[in-house]
Protein chains: 2
Amino acid sequence: MATIRDVSRLAGVSVATVSRVINRSGYVKEETREAVLAAMRALDYEPSVIARGLAGKNTATIALIIPDILNPFFPEVARAIEDQANKFNYTVILCNSDNDPEKERKYIQVLKNKRIDGIIIASYTIEAPQILELQREGVPVVAVDRAFGSHPILSFICNNREGARMAARHLIERGCRKIAHISGPPVMSAKERYQGYVDVCGSESRFDPGLVAEGNFTIEGGYAATLELFARHPDIDGIFAGNDLMAVGALKALYQLGKSVPRDVKIVGFDDIALARMVVPEITTVRQPVYEIGRQAMKHLIKLINGEKIGQKTMRLDVELVVRRSSGEAADRV
Amino acid sequence: MATIRDVSRLAGVSVATVSRVINRSGYVKEETREAVLAAMRALDYEPSVIARGLAGKNTATIALIIPDILNPFFPEVARAIEDQANKFNYTVILCNSDNDPEKERKYIQVLKNKRIDGIIIASYTIEAPQILELQREGVPVVAVDRAFGSHPILSFICNNREGARMAARHLIERGCRKIAHISGPPVMSAKERYQGYVDVCGSESRFDPGLVAEGNFTIEGGYAATLELFARHPDIDGIFAGNDLMAVGALKALYQLGKSVPRDVKIVGFDDIALARMVVPEITTVRQPVYEIGRQAMKHLIKLINGEKIGQKTMRLDVELVVRRSSGEAADRV
DNA sequence: TTGAAAGCGGTACCAA
DNA sequence: TTGGTACCGCTTTCAA
């Protein structure tokens, strides 16, 4: 591979000049510039990312820390980020933290050592102080699927509470009289969705705290929670699951209980992961603009990396109710 | 961050000596070694990966090139590789190539520039010469889900043909008399699975080329292929889908056709992605040891990186039939 | 056993 | 406008 010195030699100038044309910094006479460019082209020269990294420049690499790429929510985030990164010539390091603070810490250590340019993190466990410290050390950070109150941390998250309200209202509109909620683990997005559910159903005369069960954001959890709910309230006719995985779990449980969806029970999920359209019946859900969240996160991370002064706060993206068969009219049923 | 110079100063030795103890290279008196180690600990020193990369050493980074992380097969591969990489202090760069040769080429270019230590690639499109050239340039490469005949390329792939045979035989055992196959796109693994199907069903007196339709490895493809197959042969009672996604598509089509699975038609998929257990009925499938494939790929990539001389050939991993409801006895049905 | 010093391939400051 | 050169932090001869 050609080096900057090869280029300088061929162009008959110093390496300093070559560096200037590469970085468009300082003055370079147009003629010289062109000679250098020609030499670069002739040698098929590409500046070594590693060398410029060592010299204090960017490494054109960012890291994405997520709990687990096996969770179907994250491939969509990862893809959006990678697409956007790629467009701006960044490369993405993938880190699965399993929501383990120790693992997170270790990754961050390694990433700093590798002088990556920035981090996008989706973590239920990380707390503001840790991120603020990273920022203090000069590492740009953007969070996704998480908010940090009034801390100056840029984060992209959807409007969970409003989405949950939409889901609950939809079930009511579809005629459900007794609506249960399968909540997620005690993390921010799950709590917000629970709140939205309570906003709408909490005042109903038929409301009962027993209509809520926790499902841990997993299929198994949603399955177990549904059995639990129906054991307590056999007359539930609507379920708002805190995410699509739990909605699928609910679907399986209802199938086993001999209930028909949507005739006997209607289901609404949250997220709109691909899975929601893969099962039968397809699941009505509150669509998070996941791709957009990833895109925006990466876009803004680049701004931070470039030193742009942008507001560091929580950005709420709108959600959208996607009506499918699981909440359809009974007549819709094949 | 402390540098090697800080350590050498504190330990009262030269940087060369510190470097020796870091790399366990050359002679270092035990006493000196301990003094250096102590200094390293005191300063919480960690060698800069970037500096040693520039100095010609490893960058402790490998790249994983896959078609698309949104394809549910790849998160499992990625996770296995990342786990294993992490265990050996490697970091993984994720690249989505979309099976676009141009994109692949560009990625490889960038990765070489970043001096990554090795590449694990899953690509339908890449050809042996390109990989061989990479090897010649000193970049260790391991392929997954792909074989390259007798070329000296290390690759991990499952025993597709035998797995397909198992699937077909299973359907026959379960009493199916007319077994169709939904094939994948014209890529190696799909072709091998098709072969396995023909091995078993091709000689049947009821066999007919019209019993095969292509489904492009996607849900939609499987759905369309199934409708097509039943239009030709309404009496099909068994379907072997080339992968689980297409099996799910078949499931949806059959649901729409008013056929009951497994009573009227039994289905077997391939891969055993998580989705296979998420749908109702759960899908019988030929389980690929995906995690193991990823693990082995990474393990061997590290060996290559460390210069170990290992056989560079195709490694076939065994598959396993996982029987679930989609091929169950009709009596199994709830 | 140890240290001095020349790279690795850039960047950027200071002079010219 | 340009060039010389001292780093960035580590590895690796080569001598001592």
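Residue numbers begin at 1 in each chain, while the letters A, B, ... track the order of the sequences.
Nearest to the side chain of A16(B), among dG10(C), dA5(C), dA12(C), sits dA5(C). Side-chain atoms of A55(A) lie closest to dG9(C) of the nucleotides dG3(D), dC10(D), dG9(C). With dG9(C), dT11(C), dT1(C) as the choices, the nucleotide that has an atom nearest any side-chain atom of K29(B) turns out to be dT1(C). Listed nucleotides dG9(C), dT11(D), dT11(C) differ in distance to K57(B); the shortest reach to its side chain belongs to dT11(D).
When side chains are defined from C-beta on, V144(A) counts as touching I120(A), because their heavy atoms get closer than 4.5 Å.
Of the N and O atoms on the side chains of K114(B) and T61(A), at least one donor lies less than 3.5 Å from an acceptor on the other residue.
If you take CE of M1(B) and C1' of dC10(D), they are 15 Å apart, rounded to a whole angstrom. Between the CG atom of L54(A) and the C1' atom of dA12(C) there is a distance of 14 Å, rounded to whole Å. Taking atom CD on E30(B) and atom C1' on dT2(C), their separation rounds to 16 Å, with Å as the unit. Atom NZ of K114(A) and atom C1' of dC10(D) are 16 Å apart (whole Å). Rounded to an integer number of Å, the gap from Y27(B) OH to dT13(D) P is 15 Å. When rounded to the nearest whole Å, the span between CD1 of I4(A) and C1' of dG9(C) equals 8 Å. Counting to the nearest Å, the C1' atom of dC8(C) and the CD1 atom of I50(B) are 13 Å from each other. In this structure, R24(A) atom CZ and dT1(D) atom P are separated by 16 Å, rounded to whole Å.
At least one side-chain nitrogen or oxygen of S14(B) sits closer than 4.0 Å to the OP1 or OP2 atom of dG3(C). When the side-chain nitrogen and oxygen atoms of T32(B) are compared with OP1 and OP2 of dT1(C), none of them lie within a distance under 4.0 Å. Taking 4.0 angstrom as the limit, T3(B) places none of its side-chain polar atoms (N or O) nearer than this to OP1 or OP2 of dG9(D). Here S19(A) reaches the OP1 or OP2 of dT11(C): one of its side-chain N or O atoms lies under 4.0 Å away.
Judged by closest nucleotide on DNA chain C, T17(B) is the one of T17(B) and A51(B) placed further toward the 5' end.
Closest non-hydrogen pair, A80(A) versus Y291(A), comes out as CB-O, 3.3 Å. The two residues I69(A) and A78(A) come nearest to each other via the heavy atoms CD1-CB, 4.1 Å.
Residue V13(B) is classed as a sugar-phosphate contact, given heavy-atom separations below 4.0 Å to backbone atoms only.
The base of dG10(C) sits with one of its N or O atoms less than 3.5 Å from a complementary donor or acceptor on the side chain of R5(A). With hydrogens and angles ignored, no donor-acceptor pair closer than 3.5 Å exists between the side chain of R115(B) and the base of dG9(C).
With salt bridges taken as basic N to acidic carboxylate O contacts below 4.0 Å, none links D100(A) and R105(A).
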